[in-house]
Amino acid sequence: MNGTASGTGLEEAPFAEALTLLEPGMPVIFGGNRITRVSPDLAAAFQPGDRLVVVQDSGDLLRVPAATQALASQAIDRARQAFSAMGQVSDAAITQFFDLFALQLADEAIWSRIRTANEADIRSAQARGRSTTRLVASEAMRRDMIAGLQTWRDMETGRGRILERVDHAGWSVEQVTAPLGVIGFVFEGRPNVFADATGVLRTGNCVVFRIGSDALGTARAIVSEALAPALSASGLPSGAAVLIESPEHAAGWAMFSDPRLALAVARGSGPAVAQLGAIARQAGVPVSLHGTGGAWLIADTSADPERLEAAIFHSLDRKVCNTLNVCCLPRSALDRLQPALLRALEAAGARRSGIRLHVVEGSAEVLPPDWYGRRIQLARAEGPVEEPMADLIPQARLAHEWEWEATPELSLVLVEDTAEAISLFHAWSPHFTASLISGEPEAHQAFYEAVDAPFVGDGFTRWVDGQFAFNRPELGLSNWEQGRLFARGGVLGGDGVYSVRTRVRQTDLDLDRNPDTLKPA
């Protein structure tokens, strides 16, 4: 049921007819042996020229308007043409691009115009009850963007690096790094992601962006005021970094279903990222998904209370993917560790706007009884609400990632030992970040070997960040919820987006696979 739009690179099957009409209740096959049906709203909205994307994993029926499909296709056209030209672009020109992009953002007059666009985005998001915690283009965000661009500026190119060379008699063969192609990047309303994603240009790739509607005005300002001028002045093709200027989710669906992408990268909420990943996979596009987060912190009976207190407090400064989401404490050491836990929670609440706690049933004693009777005012995206400071939840709710604005929110559970905590992590977490607080070196090694997570630590959880940990911006942080990564780390950066070509050098003109069959001279 995937209609074809011109220029997408999709081929129609023989005898296929264009989809021009949907009827309410129309059955649609998905997953090979299941049926979903067209809703009345979808049938009414669908117009000739629109495209229907059937998500084979879920049966979701997604309408891509013809105009939106054209926007995405044209953006990928531009990026493909730019990629063809990037082979003739010098590394010095790419270096100059990053330098100029950073200088544009450092210019006060330019940043003032970007800030004005951002303030308009913030007002619009607040009026619609949307979260703005990651939307604000603050001075700190600006500094991080500039630092990230300067990191790419100063980094050696990854193009043409020889990974391996084997010499034979009369010839040699080399494995050489090469650009991957056009990278499709869908991300949430975080303006700083532009600095992260343009890192793929360092290795000769091109990128097409789609940003959430909340930050689209800010994105347009960054492109027009800083990104596009830097491309032009450095001599890079204008299509090397293209923003799809559409607020519709359908723009992301259209882009990720285009098989001309070399890689599809998605950052944002878990369900949206999972859906985008499914769309890309069924189009044959490799994916790198960075959606569900939420870090786990586990203490054992030898844990130092001071270290536990510090780890909890410093893991709750703001809500991002590596923020502490679940804390597991040993039941037998609760008397010794509970004071440190309470001090950390109270301090985290004092720094922000209170604290919201969810305690797994059977673990109520982790908090004093009077904590359950308190009511607090929380700052939610939709506005302030009054809720209990602490409540009880079933164990299955450990799988929930708490998305908070100004009031830190996390789950607490008591366990018999570290093995039980790891078992809970494997059952309910997104297999992302796990930290162990223990005084025993052997315990840390055993924990590292047992826990199924790409990011493992021994203190606060907020270290999981490409720029903070490795001094280079990230496109995203992969969890292992959908399986372990193949030959690639959990931190995806622009310098990690490359392919490998093989090149041979022959000096023996008579080289032959079967020399015994050669005719005599």
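Just so it is clear, the structure is predicted and the values come from calculations on it, not from any experiment.
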[X] side chain to [Y] side chain, donor-acceptor N/O pair below 3.5 angstrom:
X	Y	value
Thr68	Glu248	yes
Thr507	Trp171	no
Asp300	Thr418	no
Arg202	Thr95	yes
Asp60	Gln275	yes
Arg51	Ser257	yes

Specify the closest pair of heavy atoms between [X] and [Y], including all atoms of both residues, with the distance to one decimal.
X	Y	result
Leu180	Phe83	C-CZ, 4.3 Å
Ala283	Pro259	O-CB, 3.7 Å
Trp404	Asp317	CH2-C, 4.2 Å
Ile146	Ala102	CG1-O, 3.9 Å
Ile244	Ala72	CD1-CA, 3.9 Å
Asp144	Gln467	O-NE2, 3.2 Å

Judged by atom type as modelled, is there a donor-acceptor pair below 3.5 Å linking the side chain of [X] to the main-chain atoms of [Y]?
X	Y	result
Asp167	Ser172	no
Ser435	Gly459	yes
Ser429	His426	no
Asp196	Leu475	no
Ser73	Gln69	no
Asp458	Leu436	no
Thr203	Val497	yes
Thr461	Ala295	no
Asn479	Thr292	yes
Ser124	Ala120	no

[X], [atom1] atom: more than 12 neighbouring heavy atoms under 6.0 Å:
X	atom1	value
Arg80	CZ	no
Arg380	CZ	yes
Arg128	CZ	yes
His444	NE2	yes
Glu449	CD	yes

Report the residue from Gln104, Glu225, Glu139 that forms a side-chain contact (heavy atoms from CB on, under 4.5 Å) with Trp111.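 Going through the options one by one, the only one that passes is Glu139.
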
[atom1]/[X] to [atom2]/[Y] distance, rounded to the nearest 0.5 angstrom?
X	Y	atom1	atom2	answer
His314	Glu309	NE2	CD	9.0 Å
Cys328	Ile298	SG	CD1	5.0 Å
Thr433	Arg462	OG1	CZ	11.0 Å
Glu405	Leu378	CD	CG	10.5 Å
Thr177	Ile162	OG1	CD1	9.0 Å
Ile94	Met86	CD1	CE	4.0 Å

With the side chain counted from C-beta on, respond yes when [X] and [Y] share a heavy-atom pair under 4.5 Å apart, and no when they do not.
X	Y	answer
Ser238	Arg78	yes
Leu100	Pro229	no
Asn325	Thr323	no
Met145	Ile222	yes
Leu316	Leu410	yes
Tyr498	Pro179	no
Phe447	Ser438	no
Val53	Phe256	no

Hey, mind stepping through Leu62 and Ile279 against side-chain contact (heavy atoms from CB on, under 4.5 Å) and telling me if it holds? CA-CA 10 Å; Leu62 308 175; Ile279 292 169; 3.6 Å; yes

Do the ring planes of Phe101 and Phe97 sit parallel (below 30°), tilted (30 to 60°) or perpendicular (above 60°)?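 Because their plane-to-plane angle lies in the 30° to 60° range, the rings of Phe101 and Phe97 count as tilted.
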
Using the six-membered ring wherever Trp is involved, compare the ring planes of Trp463 and Phe455 and label them parallel, tilted or perpendicular (cut-offs 30° and 60°).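 Because their plane-to-plane angle is over 60°, the rings of Trp463 and Phe455 count as perpendicular.
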
Do Ile437 and Asp304 pass the side-chain contact (heavy atoms from CB on, under 4.5 Å) test, and can you show the C-alpha distance, the side-chain angles, and the key distance before you say yes or no? CA-CA 7 Å; Ile437 308 299; Asp304 173 54; 5.6 Å; no

Take Phe425 and His431, measure what ring-ring contact (aromatic ring centres under 6.0 Å, His included) needs, and give me the verdict at the end. CA-CA 7 Å; Phe425 179 89; His431 294 233; 5.8 Å; yes

Using the rule salt bridge (Lys or Arg N to Asp or Glu O under 4.0 Å), only one of Arg115, Arg142, Arg113 pairs with Glu108; which is it?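 Per the salt bridge (Lys or Arg N to Asp or Glu O under 4.0 Å) rule, the option paired with Glu108 is Arg142, out of Arg115, Arg142, Arg113.
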
Report the C-alpha distance between Asp77 and Arg260 in whole Å, list the side-chain angles of each, state the deciding distance to 0.1 Å, and finish with yes or no for side-chain contact (heavy atoms from CB on, under 4.5 Å). CA-CA 9 Å; Asp77 285 343; Arg260 294 176 297 169; 2.5 Å; yes

If you apply the rule salt bridge (charged side-chain N to carboxylate O under 4.0 Å, His left out), what do you find for Arg161 with Glu174, and how did you get there? CA-CA 10 Å; Arg161 179 164 50 94; Glu174 298 171 336; over 6 Å; no

Apply side-chain contact (heavy atoms from CB on, under 4.5 Å) to the pair Thr407 and Arg352, showing each step before the final yes or no. CA-CA 6 Å; Thr407 305; Arg352 300 288 293 177; over 6 Å; no

Between Arg343 and Glu306, is the closest basic N to carboxylate O distance under 4.0 Å?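 Looking at Arg343 together with Glu306, the answer is no, because their closest N to O distance does not fall below 4.0 Å.
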
